[in-house]
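Atoms considered below: every heavy atom in the structure, side chains included; atoms not considered: hydrogens, waters and symmetry mates. The sequence lines fix the lettering, A, B, ..., with proteins before strands; numbering per chain opens at 1. Computed from a predicted model, the values in this text were never measured in an experiment.
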Number of protein chains: 2
Amino acid sequence: MIQTCIPILEVHAMATLSKRDQLVKTATELFAEFGYHATGIDKILQQAGVSKKTLYHHFRSKDELILAVLRDYDSLFRNDFMKQVDNEADSPKGKLLGVYDVAERWFNSDDFFGCMYIKAIGEHSDPKSPFRDVCKQFKKLTRNYLEELCVEAGYRAAAELADQLALLLEGAIVTAQVSPEIDAARIARDAAEIIISAQEKKSH
Amino acid sequence: MIQTCIPILEVHAMATLSKRDQLVKTATELFAEFGYHATGIDKILQQAGVSKKTLYHHFRSKDELILAVLRDYDSLFRNDFMKQVDNEADSPKGKLLGVYDVAERWFNSDDFFGCMYIKAIGEHSDPKSPFRDVCKQFKKLTRNYLEELCVEAGYRAAAELADQLALLLEGAIVTAQVSPEIDAARIARDAAEIIISAQEKKSH
DNA sequence: CGCAAAGTATACCGATCTGTTTCCTTTGTC
DNA sequence: GACAAAGGAAACAGATCGGTATACTTTGCG
């Protein structure tokens, strides 16, 4: 393609990932599938097509790469998830239940290996680990998103409802991870419907 | 103490763990806290006070030790859990809700680091991994236990109810693991109560 | 007692781990 | 075209990994 103007170049430059982003993306995929300790630096470098020197130019250590992975994935995943939920339904209640439909597609995708943050805490149980805050933050933001949907739907006890719906989502994620043959998303959706219905009767 | 008769000797011999059980017990604790890949053989041996030769006399490899850990823990944990639930209440419904009270005590204990099986799958995502079956089996047996309680309580849709209550329990476990300051057990219990109540209204 | 099984302690093996260093090439910019 | 920054390839370091081998000691039991 002939480079005709600057904007095209810029767009192209953005579409082509920087070395740093290549590293983070590859590391995300490998960490998700094989775990953090089991994934060596060399495997990431080989698969990303990046040299070791470049890695340690962008990150001080493997732990900092992990931290970058967790931070980047946080916004990426939630943005994509929320966008899909938005397309799932128009009504707030429909979106609330749509959460579990989007989750079901996620569970059935080829690159589903459970939640990166649960996995991270599972391998780094120290409460003072730098990963702890990022993981808690992700779970908190996800729960708050559910609360927003509850508020939009006009439910009085939005906080309590969000807590319970978040718990169902977590349970569905780990169940789908351990036992893929169980339709965990549908179970969670059914339970969510019951809990929401009970809330609606109270709100009247 | 003077050894007066055979039975006492036998009881004492059973109370003193065999080398194999010492290994499994120590490995269980370390795997639970630090994960499977991060826990080296040498650390287990040192903490168990057992030599390396003895380990490889009882187990062919680290993976077989992990397998033994998962298998032993399955019956040990569920037996203890069910016994505690039994003492929690007399009525079937009380026991059903008591599950989450027992879980709360578990979450608040010093040696709570999440579910060993979720952790195992998180570090060994290969569907053909020998760990997969043990983990799925544990989850299945736990769910079936909940279904038994539902049947005893006389709920018609015991299977569906058990699926949902199991999901809530899973969600509570990972939430308590990632965010200890959240009272995940109480949230799960509240949600369980709502789901059970809805079931009771249908069953009439 | 005497013997075999089980145990300890320790050195060792090859592989792999994170991280550093060296030397050379590419690339973007003034 | 020159120069500095970034990147690549590969050797290297020190530690640790899972697992084996050797030599000695303890223990249970007929």
Side-chain angles (χ1 to χ4, degrees), chain A residues 3 5-6 8-14 16-27 30-31 33-69 120 123-124 126 129-131, chain B residues 3 5-28 30-31 33-70 120 123-124 126 129-131:
Chain A
Q3 298 159 356
C5 62
I6 302 293
I8 287 183
L9 279 173
E10 282 180 357
V11 166
H12 195 266
M14 285 210 276
T16 303
L17 292 178
S18 69
K19 294 290 174 183
R20 184 221 175 256
D21 289 346
Q22 272 180 263
L23 277 170
V24 171
K25 188 190 169 203
T26 306
L30 290 173
F31 288 150
E33 179 163 3
F34 303 106
Y36 298 87
H37 284 95
T39 303
I41 289 288
D42 292 334
K43 200 192 287 179
I44 298 171
L45 295 175
Q46 181 196 342
Q47 188 152 323
V50 168
S51 75
K52 202 173 253 191
K53 186 168 188 179
T54 303
L55 190 160
Y56 286 101
H57 171 73
H58 287 290
F59 307 99
R60 287 196 209 167
S61 63
K62 183 187 181 183
D63 275 8
E64 287 218 359
L65 172 61
I66 295 177
L67 217 49
V69 163
E123 294 194 44
H124 305 89
D126 183 2
S129 161
F131 308 140
Chain B
Q3 298 157 358
C5 64
I6 302 295
I8 287 182
L9 279 173
E10 282 179 2
V11 166
H12 194 266
M14 286 209 276
T16 303
L17 290 177
S18 70
K19 294 291 174 182
R20 185 220 176 255
D21 289 347
Q22 272 180 261
L23 277 169
V24 171
K25 188 190 169 205
T26 306
T28 303
L30 290 173
F31 288 151
E33 178 162 4
F34 303 106
Y36 298 87
H37 284 95
T39 302
I41 289 289
D42 293 333
K43 201 194 284 182
I44 298 172
L45 295 174
Q46 181 197 343
Q47 188 153 323
V50 167
S51 74
K52 201 173 250 190
K53 188 167 189 181
T54 303
L55 190 159
Y56 285 102
H57 172 73
H58 287 288
F59 306 99
R60 286 194 208 169
S61 63
K62 183 187 181 182
D63 275 9
E64 287 219 358
L65 173 61
I66 295 178
L67 218 48
V69 163
L70 294 177
E123 294 194 44
H124 305 88
D126 182 3
S129 161
F131 307 140

Novice: Reading DNA chain D 5' to 3', which nucleotide is the first, and which the last, to come under 4.0 Å of any heavy atom in chain A?
Specialist: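 Contacts span D/dA6 to D/dG8, reading 5' to 3'.
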
Novice: Less than 4.5 Å apart, side chain to side chain, heavy atoms only: is that true for A/Tyr36 and B/His37?
Specialist: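 Contact flag for A/Tyr36/B/His37 side chains = no.
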
Novice: How many angstroms lie between atom CG of B/Leu65 and atom CZ of B/Phe31, to the nearest 0.5 angstrom?
Specialist: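 These two atoms lie 5.0 Å from each other.
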
Novice: List for me each residue that meets salt bridge (charged side-chain N to carboxylate O under 4.0 Å, His left out) alongside A/Asp42, sequence neighbours excluded, and say none if there are none.
Specialist: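 A/Asp42: salt bridge (charged side-chain N to carboxylate O under 4.0 Å, His left out) contacts with A/Lys52.
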
Novice: Looking at every heavy atom in both B/Leu55 and B/Val50, which two are closest together, and how far apart are they?
Specialist: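 So the minimum-distance heavy-atom pair works out to N-CG1, 4.5 Å.
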
Novice: Using every non-hydrogen atom in the two residues, find where B/Phe59 and B/Ala68 come nearest and quote the distance to one decimal.
Specialist: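 In terms of heavy atoms, the two residues are closest at CE2-CB, 3.5 Å.
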
Novice: Which pairs of donor and acceptor atoms, one on a side chain in residues 21-28 of chain B, lie under 3.5 Å apart (sequence neighbours left out)?
Specialist:
{"from": "B/Gln22", "atom 1": "NE2", "to": "B/Ala48", "atom 2": "O", "distance (Å)": "3.2"}
{"from": "B/Thr26", "atom 1": "OG1", "to": "B/Gln22", "atom 2": "O", "distance (Å)": "2.9"}
{"from": "B/Thr28", "atom 1": "OG1", "to": "B/Val24", "atom 2": "O", "distance (Å)": "2.6"}

Novice: Would you mind telling me which residue lines up with the more 5' stretch of DNA chain C, B/Val50 or A/Thr39, judged by nearest nucleotide?
Specialist: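 Between the two, 5'-proximity favours B/Val50.
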
Novice: To the nearest 0.5 angstrom, please state how far the CD1 atom of B/Ile41 sits from the OH atom of B/Tyr56.
Specialist: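 If I round to the nearest 0.5 Å, the distance is 4.0 Å.
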
Novice: So what is the end-to-end bend of the helix from C/dC1-D/dG30 to C/dC30-D/dG1, with 5 pairs used at each end and the value given to 10 degrees?
Specialist: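 Result, rounded to 10 degrees: 10°.
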
Novice: For B/Gln46, does the CD atom sit with more than 12 other heavy atoms under 6.0 Å from it, leaving out its own atoms?
Specialist: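 Open: at most 12 neighbouring heavy atoms sit under 6.0 Å from CD of B/Gln46.
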
Novice: Drop me the distance from B/Gln47's CD to B/Thr39's OG1, to the nearest 0.5 angstrom.
Specialist: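 If we round to the nearest 0.5 Å, B/Gln47:CD and B/Thr39:OG1 are 9.5 Å apart.
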
Novice: In terms of the angle between their ring planes, are B/Phe131 and B/His124 parallel, tilted or perpendicular, with boundaries placed at 30° and 60°?
Specialist: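 Correct class here is perpendicular.
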
Novice: Contact boundaries of DNA chain C with chain A (under 4.0 Å, heavy atoms), 5' to 3'?
Specialist: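 The footprint of chain A covers C/dT18 to C/dC23.
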
Novice: Among residues 52-65 of chain A, which ones have heavy-atom contacts with DNA chain D below 4.0 Å?
Specialist: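 Under 4.0 Å from DNA chain D: A/Lys53, A/Thr54, A/His57, A/His58.
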
